[in-house]
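All remarks here apply to the structure that follows.
Throughout, numbering of the chain's residues begins at 1 and tracks the sequence.
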Amino acid sequence: MKSHKLLIILSTIIIGLFTTACEDWLDEQPLDQLSLDTFWATEDDATLALVGVYKYGVWGGPIGIRGDPLDDVLGHNHCVWRLMIMSDEGTHKAGRDDRPILITPTQGFISENWERAYRGIHKANVFLANIGAVEMDAAKKAQYIAEARFIRAYTYFIITQWWGDVPLVKDELSVQEANELTRTPQADVVSFILTELTEAAADLPAVRPASEKGRISKSAALAYKGRLLMAEQRWSEAAATYKEVMDLGVHAIDSRFKELFEVSGESSSEIVFSIDRTASIAGNSEYQVWYHSTSYGGYSVINIFQETVDAFGMIDGLPIGTSPLYDPDNPFENRDPRLYASVLLPDYSVWRGQLHTPHPDKSDIGVKAGAGRTGYGLKKFTTEDYDGEAFSSSADYIYLRYSEVLLSYLESKLEAGDGITQALLDQTINEVRGRESLGVAPVTETDPNLLREIVRNERRVEFLGEPGIRLWDLNRWKIAHTALRGEFHGIKLTDNPSTYTDYKVDENGHLFVVDRQSFEDHNYLWPIPLSEIDVNPNLVQNPGYAAD
């Protein structure tokens, strides 16, 4: 891998200084540089260095893309919509469909994520190599170390899920050492991550004060440990880990749903792991413009597929194919309220006082103008009455919620072969469905084979658009090769598809959007960037990817 990408210049370290506008230490900006000759002497030095680890390892982190270090902060969420359009959730308005079959060793998205991940890992390694020299309270030092270890482990979790075997770097390296690295077997990386998360959790607080919003907690470390154990199909261990989170007693399902993804809900006890945003300082540049429909002054970047809409069941808890409440002539009546909170529905949703009308016969915006390729907009993360700076809102990026802990605990118990009881269902999936703002009928199915599909679909609708969850689920269930093949559609355009010629539609009159052609076995892993192999031939390419 390229030494200048893996190794940050060791003579300086970019750190954030406190701003006069905000007291929260995670709102600091990298406004100054300090020489390592005078650094690592005081607790303040350690605090500032830890801010740098957060900014490069989490805020910019392994799933940010593009640009210079400033983009690590301001451009963080770009990859979220890329992961959405790589799954079966939706598509980009301009057809930028980064399907796994199109991911190649020379694609910028691949190389940028690889580079950013190792930049963050290096930042954590520098911190961990030097924190020991700082004179400070022993308990606080242990907590700082735990935070840096979590961030490094979290980064390794992300990259080993997408690339499999990756170089495991735990120390500072010379240029020569960096250019001679080989890929570490995934099993060894997994073992390292599990150890790091387990030991970090022991030194992390269960509860953070409001002034420390955005800092890692014990729950986050345990929850990501659970995710990795699920990916490894170590179901009993995963269930036990999620039970640890539940037994902490610090998280609960919020009565709200839509508000969780807005500023009003960012302090909810349901949120386990989020990235703090502050308007005009380190704001959220995505939600109030990129995700807003063109009909309401936004960019309509993400357009939801009909197949995703159909996954949302009815208020009686049944799928649309079996519920007596479903009326094909009124398809949006009596649906799971998460559909109304998550998706702008044609001729049904009213947003900012205006009916959403993407049908080309009714509007020059929507489908006709190419601004909404499916006609279904992403509503979940936008705020209806938002009147602040469009590219810098204070809405946090939420990465993991307590609802995931409960649904993952249920799935782990199910796959471990443990008995499924109504009490377990009520403790998990029915707690999620039963939040006051939803009121979806409870699940009573205890047959593991039938319950499995219910749980999987519950994850699909509950976590729509949340960072990488759907694509990760498809990959770990090993169903991406079927789920990502075939045709995908948008809104219904006509009742007479046989004579309709304005747009390409299917036999039911729904807009035809995309045919994904294929997803081969090798697409479950991403290719090693060719730019890294060019510098270091020891990085052997994943099978199935020829050089471009």
Side-chain angles (χ1 to χ4, degrees), residues 16 18-19 21-29 43-44 46-59 61 73 76 124 127 131 136-155 157 196-227 241-242 244-254 256 259-279 281-282 284 394-406 466-467:
F18 286 93
T19 65
C22 186
E23 294 179 344
D24 189 333
W25 73 284
L26 284 178
D27 288 331
E28 300 162 10
Q29 292 297 288
E43 181 178 317
D44 286 344
T47 300
L48 292 173
L50 184 59
V51 171
V53 177
Y54 267 88
K55 290 190 173 185
Y56 281 81
V58 173
W59 283 20
V73 177
H76 179 90
F127 178 90
I131 183 65
M136 60 184 294
D137 176 77
K140 181 176 285 189
K141 180 186 287 190
Q143 179 181 308
Y144 278 22
I145 291 171
E147 290 175 82
R149 292 178 74 182
F150 168 87
I151 290 168
R152 183 175 62 178
Y154 164 80
T155 305
F157 165 78
E196 290 292 286
L197 293 176
T198 300
E199 295 182 2
D203 288 321
L204 287 168
V207 179
R208 292 279 191 183
S211 61
E212 294 181 358
K213 183 168 68 71
R215 292 181 68 176
I216 306 303
S217 68
K218 186 184 299 291
S219 299
L222 292 173
Y224 274 98
K225 177 183 175 182
R227 268 198 191 181
T241 300
Y242 284 118
E244 285 187 69
V245 180
M246 296 161 67
D247 289 344
L248 289 174
V250 300
H251 298 288
I253 296 298
D254 201 305
R256 304 164 295 173
E259 293 80 3
L260 289 174
F261 310 97
E262 302 176 6
V263 173
S264 61
E266 63 185 17
S267 296
S268 170
S269 64
E270 182 170 335
I271 297 171
V272 175
F273 178 50
S274 64
I275 296 176
D276 193 29
R277 302 281 82 176
T278 301
I281 298 175
N284 182 322
S394 292
D396 295 345
Y397 296 135
I398 300 174
Y399 277 66
L400 200 151
R401 294 185 288 122
Y402 190 57
S403 58
E404 182 183 342
V405 171
L406 296 184
E466 296 179 45

Work out which heavy atom in Ala124 is nearest to a heavy atom in Ala148; give both atom names and the distance. CB-O, 4.0 Å
Between Lys218 and Glu244, is any pair of side-chain heavy atoms under 4.5 Å apart? no
Kindly give the heavy-atom pair with the smallest separation between Glu43 and Asp137, and that separation in Å. OE1-N, 4.3 Å
On the 0 to 90° scale, with breaks at 30° and 60°, tag the Phe157-Tyr224 ring pair as parallel, tilted or perpendicular. perpendicular
With side chain to side chain contact (heavy atoms under 4.5 Å, CB included) as the criterion, how do Met136 and Ile131 come out once you've worked through the C-alpha distance, each side chain's angles and the decisive distance to 0.1 Å? CA-CA 10 Å; Met136 60 184 294; Ile131 183 65; 4.1 Å; yes
Is it the case that the side chain of Asn284 and the backbone of Ala395 share a donor-acceptor pair, with hydrogens and angles ignored and the cut-off at 3.5 Å? yes
Please report whether the ring centroid of Phe150 lies less than 6.0 Å from that of Phe273. yes
If we count only N and O atoms by modelled type, under 3.5 Å, do the side chains of Ser267 and Lys213 hold a donor and an acceptor together? no
Is a salt bridge present between Glu404 and Arg227, judged by a nitrogen-to-oxygen distance below 4.0 Å? yes
Assess the residue pair Phe261 and Asp396 against the criterion (side chain to side chain contact (heavy atoms under 4.5 Å, CB included)); give the C-alpha distance rounded to whole Å, side-chain angles, the decisive distance to 0.1 Å, and a yes or no. CA-CA 7 Å; Phe261 310 97; Asp396 295 345; over 6 Å; no
Could you check whether any side-chain N or O of Ser394 sits under 3.5 Å from a backbone N or O of Ala279, counting only pairs where one atom can act as donor and the other as acceptor? yes
Could you walk me through whether Arg208 and Glu147 satisfy the salt bridge (charged side-chain N to carboxylate O under 4.0 Å, His left out) test, starting with their C-alpha distance in whole Å, then the side-chain angles of each, then the deciding distance to 0.1 Å, before giving a yes or no? CA-CA 13 Å; Arg208 292 279 191 183; Glu147 290 175 82; 3.4 Å; yes
Side chains of Asp203 and Gln143: closer than 4.5 Å at any heavy-atom pair? no
Could you tell me which non-hydrogen atom of His251 sits nearest to which non-hydrogen atom of Ser269, and how far apart they are? ND1-O, 2.7 Å
Check whether any side-chain heavy atom of Leu248 lies under 4.5 Å from a side-chain heavy atom of Ser219, and answer yes or no. yes
If every non-hydrogen atom of Gly226 is compared with every non-hydrogen atom of Thr241, which pair is closest and at what distance? N-CG2, 3.8 Å
Reported OH-to-CG distance for the pair Tyr242 and Leu222, which is rounded to 0.5 angstrom: 10.0 Å
Quick one: do Leu204 and Arg149 satisfy side chain to side chain contact (heavy atoms under 4.5 Å, CB included)? Show the steps, please. CA-CA 11 Å; Leu204 287 168; Arg149 292 178 74 182; over 6 Å; no
Just wondering, do Val405 and Leu400 contact through their side chains at under 4.5 Å, heavy atoms? yes
Within-4.5 Å side-chain heavy-atom neighbours: Ile216 and Tyr54: yes
Can you name the salt bridge (charged side-chain N to carboxylate O under 4.0 Å, His left out) partners of Arg401, sequence neighbours left out? Glu270, Glu462, Glu466
Dump the intermediate steps for side chain to side chain donor-acceptor pair (under 3.5 Å) on Ser268 and Tyr402, then the final yes or no. CA-CA 10 Å; Ser268 170; Tyr402 190 57; over 6 Å; no
Beyond-backbone contact of Ser403 with Ile253, side-chain heavy atoms, under 4.5 angstrom: yes
